[in-house]
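Heads up: the structure comes next, in C-alpha cells.
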Protein chains: 2
Amino acid sequence: MAIEHAILVSLLEQPGSGYELARRFERSIGYFWTATHQQIYRALKRMETDGWVDVREVPQRGRPDKKEYSVADLGRAALTSWLHDPIEPESVRHDLAVKIRGAAFDDPSALIREVDRHRQAHTDRLARYLAGEERDFADRTDGGPYGPAHAERELQHAVLRGGIAYERMMIAWLDDVLATLHRFRPER
Amino acid sequence: MAIEHAILVSLLEQPGSGYELARRFERSIGYFWTATHQQIYRALKRMETDGWVDVREVPQRGRPDKKEYSVADLGRAALTSWLHDPIEPESVRHDLAVKIRGAAFDDPSALIREVDRHRQAHTDRLARYLAGEERDFADRTDGGPYGPAHAERELQHAVLRGGIAYERMMIAWLDDVLATLHRFRPER
DNA sequence: CTTGCTTATGCAACAAGTTGCATAGCAAGA
DNA sequence: TCTTGCTATGCAACTTGTTGCATAAGCAAG
C-alpha cells in the first residue's frame, strides 16, 4: 500500500488541492491513514507525471490560487488494480505497549500520568467520531436504495464504525492498564 | 520512539543475539512492534557504538557462533529517560480501511474475499494470543507478591490483554464490514 | 552428495517518511 | 504598522524502513 491509493480514494470522494487533502488527512481519511503535507505534495507530483490525476488551476479570491486535482482514467485503473490485489494484514506499532513493558524496569507507577494522557486522547477522538457519525449518518436510511452513491456513504460509515470500535477498545484497555499500574504504587 | 527502545526492553527481559531478537519480533514484542532482521542488526551496531549494549561472543556447537547482547548502564539510562518523555498517541495506518472506502468506486462485493482473509488472519492471531496467555499466565497469582519480577510478568500480561482485545475488536468489526458488503451483492 | 532448511550476520540500494525551512498573499487585531 | 495566523505550495536534508543479495556452518532427507 502506498499513499497514492489513499489519495486516489480521497480525490474520488471529492476532488481537491494538496492543501485540502492534507486537511482531510488530519480528519476523516487521517483516522486510519496519516500523511504530512510533504508526502501529499510529492505524491501528487508523481501521480501527475504518471497521468493518474488531472490538474486544474483554480484562482481564488482572498487567498492564493490552488491546484485542484481530480482522478484521471489511469489513476482509476491503478486503484482498481490495487483493490483486486490482496494485501497483508497490517502490522501494528504501539509505542505505548513498549513503554508499558519497559515500565517493569523503572517505576511502573510513573507511567500512570502518561497512560492517563493517552486515555484522554482516545476519549477525545471517540467524541469526535461520535459527533461525526451523528452529523453525517444520523438518518436511518439503511433500508433505502443501493446505488453507487449509497455504497460510498455506507462504506464510509462502516469505516467510521471501525474507528469508534477501536477507540472504545483502547479506552477499556487503558483502564485495565491503569488498574494494573495502580497496583504497583508504593504503599504509604 | 525508535526501534532502539523496543530492543532495550526486549534485552532487559532477556539478553540475546540479533537473530534471537528478530524472532522475538515475530512474536511477543512483534505483536505491537514489527522489525526486520536488517533493522535490528543495524540498530544493535549503533547501540554498541553508543555504549548502550554490551556484546559477548558465544561459541555454539552445531551452529554458528552468536553475539549475545545485553543492556549496559548507558542503555538503561536511555530507556529510563525515554520512559519519562511523553509520546504522541499513535497514528494508525489501516490499508484495509482505505480499500473499504475505495470499494465504493469499484465492485464492493469483490472485497468480500479479501475481508474474509483478514478476518481469518485476526482469528488466527487471537488463537495464538489466547494460547500464549494460557501457557504463560494461567496460574492466578494476582494476589501474590509485588516484586520487580512480578511487575514484569503483570505488565507483559496487560499488554497481551491489549492484543487480545484488539483482535476481538477487529473480528467483530470485520463481521460488521462483511455484513455491509453483502448488502451490495448483485441480486440474481 | 546434492538439495533444502535453520541458525547467524551483514552490505548495498532503494523507497518512504520526517523535519526544518522558505515563500507568498491576504485578513484581523494590537 | 507590525505581528500573528491561515491558505497554499514547495525544496533539501535527514532518518527509517524495505528488499535483494551474500556468506557460512551444520543438519536431515533422498
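Each chain gets a letter, A, B and so on, in the order its sequence line appears, and its residues count up from 1. Keep in mind that the numbers below use all heavy atoms, side chains included, and drop hydrogens, waters and symmetry copies.
- Within 6.0 Å of atom CG in Asp85(A), more than 12 heavy atoms from other residues, nucleotides or ligands are found, so the atom counts as buried in its surroundings.
- Following rounding to the nearest Å, Ile3(A) (CD1) and dT16(D) (P) show an atom-to-atom distance of 19 Å.
- When the shell of 6.0 Å around CZ of Arg128(A) is examined, it contains more than 12 heavy atoms from other residues, nucleotides or ligands.
- For the helix from dC1(C)-dG30(D) to dA30(C)-dT1(D), the rotation axes defined at the first and last 5 base pairs enclose an angle of 20°, given to the nearest 10°.
- By the salt bridge (charged side-chain N to carboxylate O under 4.0 Å, His left out) test, Arg42(B) pairs with no residue at all, sequence neighbours left out.
- Taking atom CH2 of Trp33(A) as the reference point, atom P of dA16(C) lies 10 Å away to the nearest angstrom.
- By the 30° and 60° cut-offs, the orientation of the rings of Tyr166(A) relative to His94(A) is parallel.
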Expected rows: protein N/O vs nucleotides 25-28 of chain C N/O, under 3.5 Å:
none

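- Ile171(B) and Ile164(A) fall within a single hydrophobic cluster, where Ile, Leu, Val, Met, Phe, Trp and Tyr side chains are chained together by heavy-atom contacts under 4.5 Å.
- Counting non-hydrogen atoms under 4.0 angstrom, Arg93(A) reaches the backbone sugars and phosphates but no base.
- Residues satisfying the salt bridge (charged side-chain N to carboxylate O under 4.0 Å, His left out) criterion with Arg46(B), sequence neighbours excluded, are Glu4(B).
- At whole-Å resolution of the value, CD in Gln39(B) and P in dA12(C) are 19 Å apart.
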Can you pull every protein N or O that's under 3.5 Å from an N or O on nucleotides 9-11 of chain D?
from, atom 1, to, atom 2, distance (Å)
dT9(D), OP1, Lys67(A), N, 2.8
dT9(D), OP2, Gly18(A), N, 3.4
dT9(D), OP2, Tyr19(A), N, 2.8
dT9(D), OP2, Tyr41(A), OH, 3.0
dT9(D), O5', Tyr41(A), OH, 3.4
dG10(D), OP1, Lys67(A), NZ, 2.6
dG10(D), N7, Gln38(A), NE2, 2.8
dG10(D), O6, His37(A), NE2, 3.0
dG10(D), O6, Gln38(A), NE2, 3.4
dC11(D), N4, Gln38(A), OE1, 2.8
dC11(D), N4, Gln38(A), NE2, 2.2

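- Going from atom NE2 of His118(B) over to atom CG of Leu96(B) covers 5.0 Å, rounded to the nearest 0.5 Å.
- By the salt bridge (charged side-chain N to carboxylate O under 4.0 Å, His left out) test, Arg119(B) is found to be paired with Asp175(B), residues two or more places apart in sequence or in another chain being considered.
- The minimum heavy-atom distance between Leu181(A) and Leu155(B), with the atom names listed, is CD2-CD2, 3.8 Å.
- Side-chain atoms of Glu20(A) and Gln14(A) include no donor-acceptor pair closer than 3.5 Å.
- Put simply, the side chain of Trp52(B) reaches to within 4.5 Å of the side chain of Leu8(B), judged on heavy atoms.
- Distance Met47(A) CE to dA16(C) P: 13 Å, rounded to the nearest Å.
- Rounded to whole Å, atom P of dT7(D) lies 19 Å from atom CD of Glu57(A).
- Counting any heavy atom pair closer than 4.0 Å across all strands shown, Arg23(B) reaches sugar-phosphate atoms only and no base atom.
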